[in-house]
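To start, the structure under review is shown below, and the notes come after it.
Numbering of residues begins at 1 and proceeds along the displayed sequence.
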Amino acid sequence: MSRPEDLLPPDLFYNDSESRKYTTSSRIQKIQSDMTHRALSLLNLTHPSMILDVGCGSGLSGEILSQSEEEGTPAGPHVWIGFDISSSMLGVALEKEVEGDLFLADAGQGVPFRAGTFDAAISISAIQWLCNAESSDESPAGRLSRFFNGLYASLRRGGRAVCQFYPKNDEQKKMVSQAAVKAGFGAGLLEDDPGTKNAKTYLVLTVGGGELDGDITGVVKGMDGVDVMDHRRRTKDRKRGEDRKGSKAWIVRKKEQMEKKGKVVKATSKYTGRKRRIAF
């Protein structure tokens with residue numbers, strides 16, 4: 001079965017007809033509602049917040065963000081701003097008179113907001129579109145890099161983001177998560193109903209400087225099936241005095257282990273472990 005992102009760019013795929021069909025489908029509404037509530041539970045907001053909705057479409061998630069706590073939105077109602085590349089989707093949102101502010105923008109070109117604007121961000125079923133290059137002048141890696149760098153800058157210190165997406169394969173999942181980590185996020189992948197046709201992947205992101213200090217394990221603690229990819233966490237967890245892989249001390253220790261096994265190793269010198277210049 002063809003995936004929508006393999007057929008056309010999102011601004012062309014979601015034309016007037018497709019946008020209305022998507023918005024009025026009771027099945028889509030139910031799925032979108034469930035995933036939005038799941039994202040909110042992962043954000044774990046404790047007070048009304050300023051939230052960015054990336055790929056907001058016709059405002060299905062935004063309508064939930066605008067609800068009060070009594071209506072089922074934790075710490076709500078929240079103030080939200082959404083942007084999407086499809087003018088048709090945004091047109092439907094305007095007709096519905098959603099409460100959030102709407103912008104026409106391409107996430108693959110960055111996040112067009114002032115640094116530190118948002119307390120949190122969500123994205124439902126959108127970022128897999130960034131994995132497709134729409135012209136020979138662009139690349140999926142470049143689009144993902146611009147998006148995550150812009151998203152990181154737009155969030156306040158201690159902020160969080162949850163991006164639900166449908167990765168095509170493990171390689172695409174890795175490409176997305178690595179782009180987020182490279183931008184500076186603490187990142188964790190959480191998959192609901194893995195191995196089934198209803199599987200849904202959530203990329204949970206944290207920005208350092210708050211109570212969590214960017215440590216994603218504080219967000220996903222106790223959850224099953226979470227793959228934490230925060231390189232800063234791994235560095236922090238290294239025991240004091242433990243040798244870094246590739247360092248001189250690490251190489252010398254490995255040599256000693258090899259010698260004990262009776263193997264011949266090169267003598268240690270002042271050049272052991274020294275980085276070499278790239279030779280052309």
Side-chain heavy atoms of [X] within contact of [Y], under 4.5 Å:
{"X": "Q32", "Y": "Y22", "value": "yes"}
{"X": "V207", "Y": "F185", "value": "yes"}
{"X": "V79", "Y": "S49", "value": "no"}
{"X": "R253", "Y": "M258", "value": "no"}
{"X": "L205", "Y": "Y152", "value": "no"}
{"X": "Y202", "Y": "C163", "value": "no"}
{"X": "H78", "Y": "L45", "value": "yes"}
{"X": "Q128", "Y": "K168", "value": "no"}

Enclosure of [X] [atom1] (heavy-atom neighbours >12, cutoff 6.0 Å):
{"X": "K96", "atom1": "NZ", "answer": "yes"}
{"X": "E97", "atom1": "CD", "answer": "no"}
{"X": "E5", "atom1": "CD", "answer": "yes"}

Practice prompt. Kindly say whether G72 contributes a backbone atom to a donor-acceptor pair with the side chain of Q67 at under 3.5 angstrom?
Written response: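 No: the side chain of Q67 does not pair with the backbone of G72.
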| query | So, the side chain of S86 versus the backbone of Y14: is there a donor-acceptor pair under 3.5 Å, distance only? | reply |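 Flag set: sc S86 to bb Y14 pair under 3.5 Å.
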Q.
Go through it in stages, so that I can follow the logic: the residues are I64 and S33, the test is side-chain contact (heavy atoms from CB on, under 4.5 Å), and I'd like the CA-CA distance, side-chain angles, deciding distance and then a yes or no.
A. CA-CA 7 Å; I64 294 172; S33 175; 3.7 Å; yes
Pair K200, D193 - check salt bridge (charged side-chain N to carboxylate O under 4.0 Å, His left out), show working.
CA-CA 7 Å; K200 296 175 181 63; D193 302 317; 5.3 Å; no
What do the steps show when you test D34 against K30 for salt bridge (charged side-chain N to carboxylate O under 4.0 Å, His left out), and what is the final call? CA-CA 6 Å; D34 289 346; K30 174 66 165 60; 2.6 Å; yes
What class does the angle between the rings of F118 and F113 fall in, given that below 30° is parallel, 30 to 60° is tilted and above 60° is perpendicular?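 Perpendicular.
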### Task
Please name the residue in the list D84, T23, T24 that meets the side-chain hydrogen bond (donor to acceptor under 3.5 Å, both in side chains) test with S58.
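When side-chain hydrogen bond (donor to acceptor under 3.5 Å, both in side chains) is applied between S58 and each of D84, T23, T24, only T23 qualifies.
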